[in-house]
2 protein chains.
Amino acid sequence: MEGSDYMTVEKKIEYISEILREKNISPSLQRIQIYKYLMENHVHPNVDMIYKVLVKTIPTLSKTTVYNTLKLFQEKGLVSVITIEENEARFDINTHLHGHFKCINCGKIFDFEIKELKIESNLEKENKIVDQQLYIRGYCKDCLKKMEK
Amino acid sequence: MEGSDYMTVEKKIEYISEILREKNISPSLQRIQIYKYLMENHVHPNVDMIYKVLVKTIPTLSKTTVYNTLKLFQEKGLVSVITIEENEARFDINTHLHGHFKCINCGKIFDFEIKELKIESNLEKENKIVDQQLYIRGYCKDCLKKMEK
DNA sequence: ATCATTGCAAACACTTTGCATACGC
DNA sequence: GCGTATGCAAAGTGTTTGCAATGAT
């Protein structure tokens, strides 16, 4: 729901609280703010990025809480973990299926659209799919231009 | 080339040496054995699994060498890194595009076939793709059966 | 008062780095 | 003999764990 951009802060907090309650998560300040950050910043942040931004408004915040909360969100299907980086987890609010491209030169990660994806029909029938991720690694447009010079 | 299953050890070593030389990698004992292991064991091993098996035949082997070698192979496009696990890298000989399913209950990882995949045409035109990975996380057939009971 | 949540500090595990030793042409 | 490859030990880094303090009902 992208209409959330136009909500007042209070309405947004109530909206997020409701999402959390639906998943049986009690809406604490920390949890609301972490969800709000992910909702407003589709930048595939890692734990440190989330922590550094939120600790400014919640000075007592600890990284453990960020870890705990993201793990909880993940278990409840609210966020998906992007493991395209080899050394750290990144997080994204669960939206429709889309791919992630990572530039192996500048490190940038961006989304791309998946138009069609067909896999073995048995896989979907026999197993229970929780999460799908398509990763592409390579050199991005901008880096290719710089390399030509 | 699956005919490699029927090769004598000597022929296989010569075959691997040639693959390495083509990529400007001097075929040392360690490098050959690591490549051979990946060629014969499509089990998406992590560094430790490779190390523990090979140290039996190469007692002086160190994990650093396994790390170095896999990084080199990766740079030269001989192996692809599977980052479906959140805490460790796994490795696979580069073959045709296929997906990896990871059971979030038992931890098993297995391959599946991708029948069709269409992404934004601009992505392929404008950027240079080096590696593609499709990951699906969920509950596998066997674990679902056990859960029913 | 009780149970859940938070957060500090220490422990863990995978990976990288620095540097000395050994190897190969 | 000289450049490359190897491997040990130490350091680095993201993440988890144990447990005490805090907060909510």
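Numbers restart at 1 for each chain; the letters A, B, ... are given by sequence-line order, proteins then strands.
- Between A/Lys63 and B/Tyr51, the residue anchored nearer the 5' end of DNA chain D, judged by the nucleotide with its closest heavy atom, is B/Tyr51.
- Set against D/dT6, D/dT16, D/dT15, the side chain of A/Val47 has D/dT15 as its closest nucleotide.
- Ionic pairing of B/Glu148 and B/Lys146 is not present here: no N-O contact between side-chain nitrogen and carboxylate oxygen is shorter than 4.0 angstrom.
- Using modelled atom types, one side-chain atom of B/Thr57 and one backbone atom of B/Leu54 make a donor-acceptor pair closer than 3.5 Å.
- Atom CD1 in A/Ile58 sits roughly 16 Å away from atom P in C/dT5 (whole-Å rounding).
- Of the two residues contacting DNA chain D, namely B/Glu86 and B/Asn24, the nearest-nucleotide position lying further toward the 5' end is that of B/Asn24.
- Side-chain nitrogen and oxygen atoms of B/Ser28 include none within less than 4.0 Å of the OP1 or OP2 phosphate oxygen of D/dT4.
- One interatomic measurement links the two molecules: OH of B/Tyr67 to C1' of D/dG7, which rounds to 14 Å at whole-angstrom precision.
- For B/Ala89, counting side-chain heavy atoms from C-beta on, the closest listed nucleotide (C/dT15, D/dG7, C/dT16) is C/dT15.
- Under the 4.0 Å criterion applied to side-chain N and carboxylate O atoms, B/Glu86 and A/Lys71 are not assigned as salt-bridge partners.
- The interatomic distance linking A/Phe91 (CZ) with D/dT15 (C1') rounds to 10 Å, in whole Å.
- For the pair A/Leu29 CG and D/dG23 P, the computed distance is 12 Å after rounding to whole Å.
- Regarding contacts with the backbone of D/dG7, a side-chain N or O of B/Gln30 is found under 4.0 angstrom from either OP1 or OP2.
- Per the geometry, CG belonging to B/Leu61 stands 15 Å off P belonging to C/dC23, to the nearest Å.
- A side-chain donor from one of B/Ser80 and B/Asn94 sits under 3.5 Å from a side-chain acceptor of the other.
- The distance from atom CD of A/Glu88 to atom C1' of C/dT16 is 15 Å, rounded to the nearest whole Å.
- Side chain of A/Glu120 to backbone of B/Glu113: a donor-acceptor contact under 3.5 angstrom is found.
- If you measure from atom CD of A/Glu85 to atom P of D/dT13, you get 15 Å, rounded to the nearest angstrom.
- Put simply, B/Ser62 has no side-chain N or O that comes within less than 4.0 Å of OP1 or OP2 on D/dT6.
- A/Ser26 has a side-chain polar atom (N or O) that falls below the 4.0 Å cut-off from OP1 or OP2 of C/dT5.
- Judged by atom type and distance alone, B/Thr64 reaches the base of D/dC8 through a side-chain donor-acceptor pair under 3.5 Å.
- If you measure from atom CG of B/Asn68 to atom C1' of C/dC19, you get 13 Å, rounded to the nearest angstrom.
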